[in-house]
Asker: 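Can you read through this structure? Questions will come right after.
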Amino acid sequence: MSTPERNSRLQKLKSLREKGINPYPNRFTPEDYSADILEKFKDDAPEMNVKIAGRVMLVRNFGKAGFCTIKDSKGTIQVYGSKEELGENFNVFKKLDAGDIIGASGILFRTQKGEITVNVKDFQILAKAIMPLPEKFHGLTDTEMRYRQRYTDLIVNDEIKDSFLIRAQIIRSIREQLNAKDFIEVETPVLQQIPGGANARPFETYHNALKIPLFLRIAPELYLKRLIVGGMEKVYELSRVFRNEGISTRHNPEFTLLEVYQAYSDFNGMLELTEELVNNIAKQVSGSEEIEYQGKKYSFKCPFKRMTLTDAVKEYAGIDITKYKEDAQSLLKDFHKKLAELKDKNDDVEDKPETANDNVNFWKVVNDIFEVLVEDKLEGPIFITHYPSETSALAKQDPEAPEYVERFELFISGREHANAYSELNDPVKQKENFEKQVKAKASGDDEAMYMDEDYVNALEMGMPPTGGLGIGIDRLVMMFIDSPSIRDTILFPQMKPKKPMQPEKWKNVIDAINKVSNKFTELAVIQSLKQNGVEATQEVIDEIMDKTSKKEKYNLINTLVTSILEEPGGSTISDKLNKVMKELSSEQDLNKTDFLKKIKSIIE
RNA sequence: GGGCCGCUAGCUCAGCUGGUAGAGCAACGCCCUUUUAAGGCGUGGGUCGAUGGUUCGAACCCAUCGCGGCUCACCA
């Protein structure tokens, strides 16, 4: 990209080099940081030498002196450079641009307005910035560019860095808490031959040497439980998982998942662990058990509320599923009736989910009711417990009520944040469940699980009763940075690539036209060719190009355009232009002269 | 994938019922040794997301496409 700003900075770069100054020197070691300096000097210590480095954010220059605001990792500090102190070097100081990175040393003083400032005795450019910084007052607000160019976003929007500091704090807190409980952090394969542990579509890749397809993991679950089998009784993995699904404010194709497994525990143990983890994070990160998220207050005081799924459906959807004796059809009918009622009152209610086929399963309907009518009402934090066995292929059944599994999900602000269960360790039952999943996959369910024989084999070796837990870290971070979008918790969220603006074959033609500026010129060139021939037109173009002022260019062009419009038949010019463009689109390497000749031959 | 909204200078944004593209910041030149988004005077900078169409004339109207945001669906 070529802009005046960029060009002038490239020019400055050149002139620095001509003066024998390296604009990208190899090292400079700062000894002081802005925030520390401001703290130490706040009582005006007698005399303090400091050595700092950072990015020039603002420049306020006078004739023989100037101020710059410098930003380093800890904050900002003002520096003052004067001809008196810097001598020859002041000419370099004067030319500093916002965005440059400099190293400076000097003595602290207070300005007339009272700001602690470094009076620079010596400084050097550490990295010359070629691209200008976004606007100093409004910063960068364009969401697209903030995600695509996170580096620029981080430079100018301080709160972004704070968000990621909070993210780091949360992750550190989790590690510290689990490590303190003697959990072992492990790393299991990201590239898996059989993706498992969740109902989701995986990304597929290929290993050249082994000549086999591999999948990016959708969860580490099955590997972690193999470790439990192996006798590692308390393990966790805090890592990225990948799901080939839509992108939204709540979904990124790769996200960070904490999974914890503990032998001789169960879903109740995991529930208490979850409460404790989240409660401590709240206290450590926001200094309080109460936080505010998107204008609503949430309390992470233990214990969190808990409710069975059946009760939640009764309370929030007004449907008592125990009365249906697993009759899917009549439950479905009442569900749709409920939806219709709500729709009458409020247009926002979504349409009926597509469960209305013949062999509809009772528990699938329950699940739908929960998702459609209950989930978003769960402000929480609240644990929803006892999910249908039907929808939980890796969880252990409740011995009292085998249609349910010992499982909970933690909801906050209508979103699922954690999922845990007593792990199914019966290899025969597990194999049956897998087989059901395989059948579902065969009949078109992309998210159904694969058969994992080796995992069944692991269970056949004997896995102790175990509790397992998964927590979505990105969503948790959303709560604590008070952001409605998961993208604000991910440094480089996935974005669609920008397509090139023009097809390759048009490039030469477009370039040639661009050389003589804009649309008006295209018309002018064509008309001139018609009237004056190639050589005369070439002259006109050269004349136009020689004018440095854009205004002068326009005047010349306008004169030509006006003469076109005065002519009868002038309106067919654009038809001709279209014809020309079509013809030329097949041409490959045209220089300007050939381009003009070609146009002439087409017109005549 | 559907719906709604957006895309104008490096950045933040104006641009009326279609009539030769604007401001502030940034840049460039000059002045200025205590500024705080410094100030003053002057100058340059645009494929108005792209491509077609309507029109004497399009940033503006229409169509298609691209990218983004929100939202619904999908999905945890």
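Numbered from 1 within each chain, the chains take letters A, B, ... in sequence-line order.
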Asker: Want to settle it: does A:N419 or A:K83 sit nearer the 5' end of RNA chain B, counting the closest nucleotide to each?
Answerer: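 On the 5' side of the pair lies A:K83.
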
Asker: Could you measure between the two C1' atoms, the one in B:rA38 and the one in B:rC48, and give it in whole Å?
Answerer: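 These two C1' atoms come out 33 Å apart once rounded.
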
Asker: Is there, by distance only and without an angle test, a donor paired with an acceptor across the side chain of A:T111 and the base of B:rU35 below 3.5 Å?
Answerer: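 Between B:rU35 and A:T111, which were checked side chain against base, a qualifying N/O pair under 3.5 Å is present.
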
Asker: Heavy-atom nearest nucleotide on RNA chain B for A:S82 versus A:A200: which residue maps closer to 5'?
Answerer: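 By nearest-heavy-atom nucleotide position, the 5'-most residue is A:S82.
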
Asker: Taking the six-membered ring for Trp, are A:F109 and A:Y80 closer than 6.0 Å centroid to centroid?
Answerer: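 For A:F109 and A:Y80, the ring centres are under 6.0 Å apart.
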
Asker: Using OP1 and OP2 only, check whether a side-chain N or O of A:T141 sits under 4.0 Å from B:rC13.
Answerer: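 Checking A:T141 against B:rC13: at least one side-chain N or O falls below 4.0 Å of OP1 or OP2.
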
Asker: Go ahead and name the base partner of B:rC41; Watson-Crick or wobble counts if both distances stay under 3.5 Å, otherwise write none.
Answerer: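 Pair assignment: B:rC41 / B:rG29.
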
Asker: What's the separation between atom OG in A:S413 and atom CZ in A:R475, rounded to the nearest 0.5 Å?
Answerer: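 The CZ atom of A:R475 is 11.0 Å from OG of A:S413, to the nearest 0.5 Å.
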
Asker: On a whole-Å scale, what distance lies between the P atoms belonging to B:rU8 and B:rU12?
Answerer: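 Straight-line distance between the two P atoms is 8 Å.
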
Asker: Pick the C1' atom in B:rC11 and in B:rC30, then give their distance to the nearest Å.
Answerer: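 One C1' to the other, the span is 26 Å.
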
Asker: If you compare every side-chain N and O of A:K113 against the phosphate oxygens of B:rU36 (OP1, OP2), does one of them come in below 4.0 Å?
Answerer: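 Looking at the OP1 and OP2 atoms of B:rU36, one of them is under 4.0 Å from a side-chain N or O of A:K113.
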
Asker: Has the side chain of A:Y80 got a donor or acceptor atom sitting under 3.5 Å from an opposite partner on the base of B:rU35?
Answerer: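 For A:Y80, whose side chain was compared with the base of B:rU35, there is no donor-acceptor pair (under 3.5 Å).
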
Asker: For nucleotides B:rC67 and B:rU51, find the distance between their C1' atoms and express it as a whole number of Å.
Answerer: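 The answer is 15 Å between these two C1' atoms.
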
Asker: Charged N to carboxylate O under 4.0 angstrom, A:D97 versus A:K12?
Answerer: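 A salt bridge links A:D97 with A:K12.
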
Asker: Can you check the A:D142 CG to B:rG69 C1' distance for me, whole Å?
Answerer: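 That distance rounds to 10 Å.
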
Asker: Between B:rC11 atom P and A:Y151 atom OH, what is the distance in whole Å?
Answerer: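 Value for this atom pair: 12 Å.
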
Asker: Which base sits across from B:rU51 as a Watson-Crick or G-U pair, both distances under 3.5 Å?
Answerer: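 Paired with B:rU51, as far as the under-3.5 Å criterion goes, is B:rA63.
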
Asker: How many whole angstroms separate atom NZ of A:K12 from atom P of B:rC28?
Answerer: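 Distance check: A:K12 NZ to B:rC28 P gives 4 Å.
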
Asker: May I ask you to check whether A:F492 and A:Y147 place their ring centers less than 6.0 Å from one another?
Answerer: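 Centroid separation for A:F492 and A:Y147: 6.0 Å or greater.
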
Asker: Distance check: side-chain N/O of A:T143 vs OP1/OP2 of B:rG69, anything under 4.0 Å?
Answerer: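 Result: no.
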
Asker: With a 3.5 Å cut-off and heavy atoms only, can you find an N or O donor on one side and an acceptor on the other between the side chain of A:E115 and the base of B:rU34?
Answerer: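 Donor-acceptor pair under 3.5 Å: no.
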
Asker: Looking at the side chain of A:R60, which of B:rC28, B:rG68, B:rU36 is the nearest nucleotide?
Answerer: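 Per side-chain heavy atoms of A:R60, the pick is B:rU36.
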
Asker: Counting Watson-Crick and G-U wobble pairs only, both distances under 3.5 Å, name the nucleotide matched with B:rG68, or none.
Answerer: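 B:rC5 is the nucleotide pairing with B:rG68.
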
Asker: Provide, to the nearest angstrom, the distance between the CZ atom belonging to A:R250 and the P atom belonging to B:rG69.
Answerer: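 Rounding to the nearest Å, CZ of A:R250 and P of B:rG69 are 14 Å apart.
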
Asker: Quote, to the nearest angstrom, the C1' distance that separates B:rU20 from B:rG15.
Answerer: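 Roughly 14 Å separates the two C1' atoms.
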
Asker: Is any side-chain N of the basic residue among A:D158 and A:K71 closer than 4.0 Å to the acidic one's carboxylate O?
Answerer: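 Salt bridge flag = yes for A:K71 with A:D158.
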
Asker: Between A:E245 (CD) and B:rC72 (C1'), how many Å, whole number?
Answerer: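 About 17 Å, once rounded to whole Å.
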
Asker: Measure CD1/A:I247 against P/B:rC70 and give the value in whole Å, please.
Answerer: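 Interatomic distance, CD1 of A:I247 to P of B:rC70: 12 Å.
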
Asker: In whole Å, I'd like the distance from the CG atom of A:N367 to the P atom of B:rC74.
Answerer: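 Between P of B:rC74 and CG of A:N367: 11 Å.
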
Asker: Of all the nucleotides listed (B:rG68, B:rC11, B:rU35), which has the minimum atom distance to the side chain of A:E144?
Answerer: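 Within the option list, the nearest is B:rG68.
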
Asker: With the threshold set at under 4.0 Å for non-hydrogen atoms, list the residues of residues 64-71 of chain A touching RNA chain B in residue-number order.
Answerer: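 Contacts with RNA chain B under 4.0 Å: A:K64, A:A65, A:F67.
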
Asker: Rounding to a whole Å, what distance do you find between A:R243:CZ and B:rC74:P?
Answerer: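 So the two atoms are 17 Å apart, to the nearest Å.
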
Asker: Please determine if a side-chain N or O atom of A:T249 lies less than 4.0 Å away from the OP1 or OP2 oxygen of B:rC70.
Answerer: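 For B:rC70, OP1/OP2 do not have a side-chain N/O of A:T249 under 4.0 Å.
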
Asker: Which atoms of nucleotides 24-26 of chain B (N or O only) lie under 3.5 Å from a protein N or O atom, and what are those distances?
Answerer:
unit_1 : atom_1 : unit_2 : atom_2 : d
B:rG24 : N2     : A:E135 : OE2    : 3.4
B:rC25 : O3'    : A:K136 : NZ     : 3.2
B:rA26 : OP1    : A:K136 : NZ     : 2.6
B:rA26 : N3     : A:E5   : OE2    : 2.7

Asker: If you measure from the P atom in B:rU55 to the same atom in B:rA9, how many Å do you get, rounded?
Answerer: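 Going atom to atom, P in each nucleotide, I get 30 Å.
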
Asker: Look through every strand shown and name the nucleotide pairing with B:rU34 as Watson-Crick or G-U wobble, where both distances are under 3.5 Å.
Answerer: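 Per the H-bond distance test, none.
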
Asker: Using Watson-Crick or G-U wobble geometry with both distances under 3.5 Å, which nucleotide pairs with B:rA21?
Answerer: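 Pair assignment: B:rA21 / none.
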
Asker: Within this structure, what is the CD-CG distance for the pair A:E423 and A:L224, rounded to the nearest 0.5 Å?
Answerer: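 Going from the CD atom of A:E423 to the CG atom of A:L224 covers 9.5 Å.
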
Asker: Could you please name the option among B:rC70, B:rC28, B:rU33 that lies closest to any side-chain atom of A:R487?
Answerer: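 Side chain of A:R487 sits closest to B:rC70.
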
Asker: Between A:K161 and A:E159 (salt bridge meaning N to carboxylate O under 4.0 Å), is one present in this structure?
Answerer: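 A:E159 and A:K161: not salt-bridged.
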
Asker: Hey, which of A:I155, A:N157, A:I160 is the one that makes side-chain contact (heavy atoms from CB on, under 4.5 Å) with A:R150?
Answerer: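 Single side-chain contact (heavy atoms from CB on, under 4.5 Å) partner of A:R150 among A:I155, A:N157, A:I160: A:I160.
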
Asker: Would you say the rings of A:F203 and A:F215 are close, in the sense that their centroids are separated by under 6.0 Å?
Answerer: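 Centroid separation for A:F215 and A:F203: 6.0 Å or greater.
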
Asker: Within the pair A:R6 and B:rC11, is there a side-chain N or O less than 4.0 Å away from OP1 or OP2?
Answerer: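 It does not, given that no N or O in the side chain of A:R6 lies less than 4.0 Å from OP1 or OP2 of B:rC11.
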
Asker: Can you identify which nucleotide, out of B:rC70, B:rU12, B:rC32, has its nearest atom closest to the A:L140 side chain?
Answerer: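 Per side-chain heavy atoms of A:L140, the pick is B:rU12.
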
Asker: For A:E84, is there an ion pair with A:K64 - N to carboxylate O distance below 4.0 angstrom?
Answerer: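 Looking at A:E84 together with A:K64, the answer is no, because their closest N to O distance does not fall below 4.0 Å.
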
Asker: Measuring from A:R243:CZ to A:N252:CG, what's the distance to the nearest 0.5 Å?
Answerer: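 If we round to the nearest 0.5 Å, A:R243:CZ and A:N252:CG are 12.5 Å apart.
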
Asker: Work out how far the P atom of B:rA26 is from that of B:rG10, and round it to whole angstrom.
Answerer: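 Roughly 16 Å separates the two P atoms.
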
Asker: What I want to check is whether the side chains of A:S239 and A:R217 have a donor and an acceptor closer together than 3.5 Å.
Answerer: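 The criterion, which ignores hydrogens and geometry beyond distance, is satisfied for A:R217 and A:S239.
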
Asker: Say we look at B:rA63 and B:rG45: how far apart would their P atoms be, to the nearest angstrom?
Answerer: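 Here B:rA63 and B:rG45 have their P atoms 36 Å from each other.
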
